[in-house]
Amino acid sequence: MSIHAPILEKPQDFSNSYLESLALVERLHRLLLDVVKDEFERLAILEINPVQALLLYNIGENEVTAGELKSRGYYQGSNVSYNLKKLVELGYMHHQKCHVDRRSVRVRLTEKGREVRRIVGGLFERHASGLEKAGVLGPNGMEEITFVLKRIEHYWADQIRYIY
């Protein structure tokens, strides 16, 4: 199996290419969750799911509220609140009421949570190194992908802000 993208027999129109890209982004997200799940199963860490592991990774050394995570675009709705509650119950996060807004709860990682973050970070480092060594992307490939995805992100954000 080749690691390079297949050559298209005939050019697709822009709309079809866009739809194919959207489907690929969805598949990549699901595959990322499977990769994280596989790593945690291999390490016999079974009490948290991949979404929770990525949540711990993304919070890092910050102290945040569920609302901040939602506003940063990392997570949606009750999914964040549920996962934060579970992570606190399992000892991966500390929580405390915000001094300014008593309805809001601030969370930060415990040592157990930081260990999960280190595991996910190590997994990502191994993958970045593997992609580079295998020649999956050229020297500027990751920067080009990131640049294009950020442009799409900004376009979509503008659509949400200005259409309604």
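For the atom pair CG of N49 and CG of L33, the computed distance is 8.5 Å after rounding to the nearest 0.5 Å. How far OG of S129 is from CZ of F124: 15.0 Å, rounded to the nearest 0.5 Å. Note that the OG1 atom of T146 and the CD atom of E153 stand 11.0 Å from one another [nearest 0.5 Å]. For the atom pair K85 NZ and L90 CG, the distance stands at 11.5 Å (nearest 0.5 Å).
Neither L22 nor L31 shares a network with the other; the hydrophobic side chains, linked directly or stepwise wherever heavy atoms of I, L, V, M, F, W or Y lie under 4.5 Å apart, form separate groups for each. V35 and I119 fall within the same hydrophobic cluster, defined by Ile, Leu, Val, Met, Phe, Trp and Tyr side-chain heavy atoms under 4.5 Å apart, directly or through other members. Residue I152 is not grouped with residue I145 when hydrophobic side chains (ILVMFWY) are merged at heavy-atom distances under 4.5 angstrom, including chains of intermediate members. Transitive grouping of hydrophobic side chains (ILVMFWY, heavy atoms separated by less than 4.5 Å) brings I45 and V88 into a common cluster. Following chains of ILVMFWY side-chain contacts shorter than 4.5 Å, one cannot reach L28 starting from V25, and the two form parts of different hydrophobic clusters.
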For this session: Could you walk me through whether L54 and V51 pass side-chain contact (heavy atoms from CB on, under 4.5 Å), step by step?
Result: CA-CA 5 Å; L54 290 173; V51 170; 5.9 Å; no
Exercise. Checking side-chain contact (heavy atoms from CB on, under 4.5 Å) for the pair K86/I48: CA distance, chi angles, key distance, verdict?
Worked result: CA-CA 9 Å; K86 287 299 280 183; I48 64 171; over 6 Å; no
For this session: For L84 and I59, run side-chain contact (heavy atoms from CB on, under 4.5 Å): C-alpha distance rounded to whole Å, both residues' side-chain angles, the deciding distance at 0.1 Å, then the answer.
Result: CA-CA 11 Å; L84 290 177; I59 289 172; 4.1 Å; yes
For this session: Apply side-chain contact (heavy atoms from CB on, under 4.5 Å) to the pair L109 and N62, showing each step before the final yes or no.
Result: CA-CA 8 Å; L109 303 187; N62 300 311; over 6 Å; no
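The backbone N or O of E143 sits nowhere less than 3.5 Å from a side-chain atom of N140 that would complete a donor-acceptor pair. Using modelled atom types, no side-chain atom of E144 and backbone atom of G141 make a donor-acceptor pair closer than 3.5 Å. For the pair R106 (side chain) and H95 (backbone), a donor-acceptor distance under 3.5 Å is absent. Judged purely by atom type and a 3.5 angstrom limit, D158 has no side-chain atom pairing as donor or acceptor with the backbone of Y155. Between the side chain of T110 and the backbone N or O of G91, at least one donor-acceptor pair lies under 3.5 Å. Panel note: side chain K112, backbone M93; no donor-acceptor pair is recorded below 3.5 Å.
Within a 6.0 Å radius of CD in E125, no more than 12 heavy atoms belonging to other residues, nucleotides or ligands are found. Around atom NE2 of H127, more than 12 heavy atoms belonging to other residues, nucleotides or ligands sit under 6.0 Å away. Shown here is E132, whose CD atom has no more than 12 heavy atoms of other residues, nucleotides or ligands within 6.0 Å.
Ion pair R108/E61 not flagged as a salt bridge, since none of the NZ, NE, NH1 or NH2 atoms sits closer than 4.0 Å to an Asp/Glu carboxylate oxygen. Using a 4.0 Å cut-off between charged side-chain N and carboxylate O, R118 and E111 make a salt bridge. In this structure, R42 pairs ionically with E39, as a charged nitrogen and a carboxylate oxygen lie closer than 4.0 Å.
The only member of L87, V116, V107 that meets side-chain contact (heavy atoms from CB on, under 4.5 Å) when paired with L55 is L87. Each of V36, D38, L43 was checked for a side-chain contact (heavy atoms from CB on, under 4.5 Å) with F40, and the lone residue meeting it is V36.
Contact record, Y57 with R117: O-NE, 2.9 Å, taken as the closest heavy-atom pair.
For the residue pair E47 / Y92, a side-chain donor-acceptor distance below 3.5 Å is found, with atom types taken as modelled.
Under the 4.5 Å side-chain criterion, counting only non-hydrogen atoms from C-beta, V105 is not in contact with Q96.
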